[in-house]
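In what follows, a structure is listed as structure tokens, so that the remarks can point back to it.
Just so it is clear, the model here is predicted, and its values are computed rather than measured.
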Amino acid sequence: SEHNQEKLENAFPDFFTMKRRQYMFTFESGGWNTVWATSKLEAIEEALKEYKDRDDLKPRVDSFVVATDDGINSAMSLFY
């Protein structure tokens, strides 16, 4: 019911307002990639999980930032 939904939203406001954002990160060996997550910690966890079996691609935990159009365009310019 609406009343129960409102109670849940009041009890857990962050859960209902969390939006997935794109995070950029670099690899220890060079290069970069992005991952979608609701927080920086989640982004780090997802990237570490995604590349756990790749010795050549180790995400730098200290490099995670929310992606911006300028950041993506700058990184992509290396390919042009």
Side-chain angles (χ1 to χ4, degrees):
S1 76
E2 274 186 46
H3 182 67
N4 287 340
Q5 178 75 22
E6 184 178 341
K7 284 171 60 175
L8 282 172
E9 288 178 10
N10 288 337
F12 304 103
D14 291 340
F15 179 79
F16 289 93
T17 60
M18 292 176 86
K19 292 184 178 164
R20 293 172 59 78
R21 293 185 281 181
Q22 190 175 26
Y23 287 82
M24 290 183 73
F25 63 94
T26 58
F27 296 102
E28 291 177 8
S29 58
W32 62 276
N33 209 335
T34 64
V35 64
W36 287 87
T38 57
S39 69
K40 184 175 180 177
L41 179 59
E42 182 183 324
I44 293 168
E45 290 171 345
E46 288 298 315
L48 291 175
K49 183 170 40 171
E50 182 174 343
Y51 295 100
K52 69 178 168 52
D53 297 327
R54 296 288 305 263
D55 290 334
D56 58 330
L57 294 175
K58 298 291 182 198
R60 287 187 48 195
V61 174
D62 64 344
S63 70
F64 283 75
V65 295
V66 174
T68 62
D69 288 340
D70 286 344
I72 296 280
N73 290 336
S74 178
M76 288 299 292
S77 73
L78 301 172
F79 295 105
Y80 304 144

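At distances below 3.5 Å, not a single donor-acceptor pair connects side-chain atoms of S74 with backbone N or O atoms of G71. No donor-acceptor distance shorter than 3.5 angstrom exists from the side chain of Y23 to the backbone of A43, with no hydrogens or angles considered. Using a distance-only test at 3.5 Å, with no hydrogens or angles considered, no donor-acceptor pair links the side chain of T26 to the main chain of G31. Checking side-chain atoms of T38 against main-chain N and O of K19 turns up no donor-acceptor pair under 3.5 Å.
Side-chain contact between I44 and P59: absent, with no pair of heavy atoms (C-beta onward) separated by less than 4.5 Å.
E28 contributes atom CD, which lies 9.0 Å from atom CG of D62 (distance to the nearest 0.5 angstrom). One finds the CZ atom of F27 at 10.5 Å from the NZ atom of K58 (value rounded to the nearest 0.5 Å).
Residues I72 and V66 fall into different hydrophobic clusters, defined by Ile, Leu, Val, Met, Phe, Trp and Tyr side chains chained together at heavy-atom separations under 4.5 Å.
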Test side-chain contact (heavy atoms from CB on, under 4.5 Å) on L41 and E45 and set out the steps. CA-CA 6 Å; L41 179 59; E45 290 171 345; 3.8 Å; yes
V35/Q22 under side-chain contact (heavy atoms from CB on, under 4.5 Å): CA gap, chis, key distance, verdict: CA-CA 6 Å; V35 64; Q22 190 175 26; over 6 Å; no
Worked check of side-chain contact (heavy atoms from CB on, under 4.5 Å) between T68 and N73: CA-CA 8 Å; T68 62; N73 290 336; over 6 Å; no
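Evaluated for a salt bridge (charged side-chain N to carboxylate O under 4.0 Å, His left out) with E42, the options R20, K49, R21 yield exactly one hit, R20.
Annotation: D69, atom CG; neighbour count of heavy atoms from other residues, nucleotides and ligands within 6.0 Å does not exceed 12.
Between F64 and F25, the ring centre distance stays below 6.0 Å.
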